[in-house]
Q: 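Below is a structure I'd like to ask you about.
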Amino acid sequence: MTNRKPATVAVRTGIESDTQYHAVVPPIYLSTNYGFPAFGEVPKYDYTRSGNPNRGLLEQALSELECGADAVVTNCGTSALNLWVSAFLTPQDLIIAPHDCYGGTYRLFNTRAKKGDFKVLFVDQSDEQALAEAMAQHPKLVLLETPSNPLVRVVDIEKICQQAHAVGALVAVDNTFLTPVYQKPLTLGADFVVHSTTKYLNGHSDVIGGVIISKAAQHAEELKWWGNCIGATGTPFDSYMTLRGLRTLGARMRVHEESSQLILNYLQSQSLVKVIYHPSLPEHPGHEIAKKQQVGFGSMLSFEFAGSFEQLKYFVGKLDLFSLAESLGGVESLVCHPASMTHRAMGEEALAEAGVSQQLLRLSVGLEDASDLIADLDQAFNKAKEAF
Ligand SMILES: *Cc1c(COP(=O)(O)O)cnc(C)c1O
């Protein structure tokens, strides 16, 4: 069926597909290998590294959600990005990536470039001049991450795709923060979408996984070949779990969004909060672009703590309902200090360049009742004020 809404695709993919027992929910196939019906007759699935029914269903759901031709589900988001550069770059080729991309992505591209696998340029993609200069160097690939992690900066997908295509480059968008419920990069001109399914798509903080979805069938085929070649693919159990998590994506994203708006309202009145970063705020530099290319603003937000660094640490320690942890997009609320946690691999210089300060805190707003979350923030702010 065509043009089904994301929530429907997420719930229905694979339901009632079992032909043996008519199980409503598709069963799990843990077998590593599958019999050949006869000599020389290759079955649909022969060996789980190259393909498996559970991974196949998840790939089907994710490509339909992102409006792509096909997908490769990988063992993590990082390996989806690694698969992409492995398949398309030679040592002469250049990739352009955001200067404030996910810390692990920065480390991956930077380390592999230092080994001579390809060339990389980290660019502030909202700086038109810097981006134009980078494009003039004829990149083979361009990665966008919008909204970015942790500053939720937004760049114009459609515009940058046109610029990249004009110089013959292919574009991937890391859509981890919004999911296809709120943004569909392939419909805006991108060639690939990458996700850490570890985050919102699985949504329950119990599976590490990733995916790369291609708009063109030929790219999808090439990536499938490479995924099997380098062994980047996801396991049946993880695929089963992720499809199970994906079922509730539409409902979860709605509550994440509603609660984050209430929390933003609260934070705006809080004296220990200096700058708030979220695309829904009219003063956010990417607000207009976000309104144009996103269906929702998303629920990841960050802010500069206005007190001292000691006070910041004290505040974080007093939170009950925000666990101090990395990752994001799960049912549970999290607080993260990017400079010492998710983004520490970048090093001080790159952190400063990306605008990630020691005062920055990032919130992943979970599915607890919003009034409890706000009460928790409020008591921790009050304790931080009283103690200093
Ligand atoms: C977590 C994350 C990744 C990496 O994914 P893993 O599943 O941890 O390997 C990539 N991009 C973004 C935006 C992320 O948040």
Side-chain angles (χ1 to χ4, degrees), residues 55 58 62 66 71-86 95 97-112 122 125 141-155 157 171-180 182-183 185 190 192-213 227 230-235 238-239 241-242 245-246 253 256 277 279 286 294 298-302 325-330 334-338 341-346 354 356 360 362-366:
R55 195 162 75 232
L58 181 59
L62 294 174
E66 289 285 12
V72 182
V73 162
T74 56
N75 51 48
C76 65
T78 305
S79 70
L81 287 157
N82 197 37
L83 167 59
W84 185 51
V85 294
S86 301
I95 177 171
H99 73 321
D100 58 342
C101 62
Y102 175 72
T105 305
Y106 182 91
R107 178 178 54 198
L108 171 70
F109 291 172
N110 198 32
T111 309
R112 287 201 62 177
F122 295 101
Q125 297 175 337
L141 298 180
V142 176
L143 175 72
L144 310 186
E145 193 184 302
T146 179
S148 70
N149 184 1
L151 287 168
V152 286
R153 291 192 180 117
V154 173
V155 294
I157 296 176
V171 182
V173 177
D174 186 330
N175 202 23
T176 298
F177 269 34
L178 289 180
T179 84
Y182 288 146
Q183 178 170 273
F192 306 93
V193 169
V194 175
H195 282 277
S196 169
T197 60
T198 311
K199 316 294 167 54
Y200 290 103
L201 291 181
N202 176 57
H204 293 71
S205 306
D206 51 8
V207 183
I208 295 278
V211 68
I212 178 161
I213 300 137
I230 66 175
T233 49
T235 68
D238 288 353
S239 301
M241 289 286 285
T242 304
L246 187 74
M253 292 306 280
H256 282 301
Y277 302 97
Q294 302 175 192
S299 49
M300 290 303 299
L301 62 103
S302 51
E326 296 181 349
S327 200
L328 58 101
L334 303 172
V335 59
C336 166
H337 180 248
M341 296 169 68
T342 44
H343 288 62
R344 66 179 183 273
M346 287 173 73
V356 179
L360 187 76
R362 187 189 76 180
L363 299 184
S364 175
V365 177

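Just so you know, ligand 1 is whichever comes first in the structure, and atom 1 is the first atom listed for that ligand. We count residues from 1, following the sequence as given.
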Q: Apply side chain to side chain contact (heavy atoms under 4.5 Å, CB included) to residues D238 and I208 and explain how you reach the verdict.
A: CA-CA 8 Å; D238 288 353; I208 295 278; 5.9 Å; no
Q: I need the minimum non-hydrogen distance between G209 and T198, along with the two atoms involved.
A: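 Minimum heavy-atom separation between G209 and T198: N-OG1, 3.0 Å.
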Q: Taking the side chain from Q125 and the backbone from T146, do they hold a donor-acceptor pair closer than 3.5 Å?
A: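 Here the side-chain-to-backbone pair does not exist.
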Q: Checking contacts here: is it the side chain or the backbone of T78 that comes within 4.0 Å of ligand 1, counting heavy atoms only? Could be both or neither.
A: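 T78 to ligand 1: contacts from backbone and side chain alike.
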Q: Starting from atom 12 (C) of ligand 1, find the nearest protein heavy-atom neighbour and note its residue, name and distance.
A: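 Nearest neighbour among protein heavy atoms for atom 12 (C) of ligand 1, to 0.1 Å: D174 OD2, 3.4 Å.
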Q: Any N or O on C76 sitting closer than 3.5 Å to an N or O of ligand 1?
A: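 In this structure, C76 places no N or O atom under 3.5 Å from an N or O of ligand 1.
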Q: So, 4.0 Å and heavy atoms of G209: is ligand 1 close enough to count as a contact?
A: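 It does, in that a heavy atom of G209 comes within the 4.0 Å cut-off of ligand 1.
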Q: Could you find the nearest protein heavy atom to atom 14 (C) of ligand 1 and give me its residue, atom name and distance?
A: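 For this ligand atom, the closest protein heavy atom is K199 NZ, 3.0 Å.
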Q: Purely on distance, is any nitrogen or oxygen of T105 under 3.5 Å from one on ligand 1?
A: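 N/O-N/O distance under 3.5 Å: no.
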Q: Measuring from atom CG of L328 to atom CG of L334, what distance do you get when rounded to the nearest 0.5 angstrom?
A: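 Between L328 CG and L334 CG, I get 7.5 Å after rounding to 0.5 Å.
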Q: Below the 3.5 angstrom mark, is there an N/O of S196, backbone or side chain, next to an N/O of ligand 1?
A: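 In this structure, S196 places an N or O atom under 3.5 Å from an N or O of ligand 1.
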Q: Could you find the nearest protein heavy atom to atom 4 (C) of ligand 1 and give me its residue, atom name and distance?
A: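 Checking every protein heavy atom, the shortest distance to atom 4 (C) of ligand 1 gives Y102 CE2, 3.4 Å.
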Q: For G77, counting its heavy atoms only, list the atoms of ligand 1 lying under 4.0 Å from any of them.
A: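 That gives atoms 5 (O), 6 (P), 7 (O), 9 (O) of ligand 1.
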Q: Under a 4.0 angstrom heavy-atom cut-off, which atoms of ligand 1 come close to T198?
A: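 Heavy-atom distances to T198 below 4.0 Å select 7 (O).
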Q: Closest approach of F109 and V85, non-hydrogen atoms and distance?
A: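 So the minimum-distance heavy-atom pair works out to CE2-CG1, 3.7 Å.
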Q: Determine, step by step, whether R107 and T78 satisfy the side-chain hydrogen bond (donor to acceptor under 3.5 Å, both in side chains) criterion, reporting the C-alpha distance in whole Å, the side-chain angles of both residues, the deciding distance to 0.1 Å, and the verdict.
A: CA-CA 10 Å; R107 178 178 54 198; T78 305; over 6 Å; no
Q: Under 4.0 Å from a heavy atom of N149: which atoms of ligand 1 are those, numbered in the order shown and with their elements?
A: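 Heavy-atom distances to N149 below 4.0 Å select 15 (O).
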Q: Once rounded to the nearest 0.5 Å, what's the spacing between atom CG of D174 and atom CG of L81?
A: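 The CG atom of D174 sits 6.0 Å away from the CG atom of L81.
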Q: Return the orientation label for the H256 and Y200 ring planes: parallel under 30°, perpendicular over 60°, tilted otherwise.
A: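 Ring orientation of H256 relative to Y200: perpendicular.
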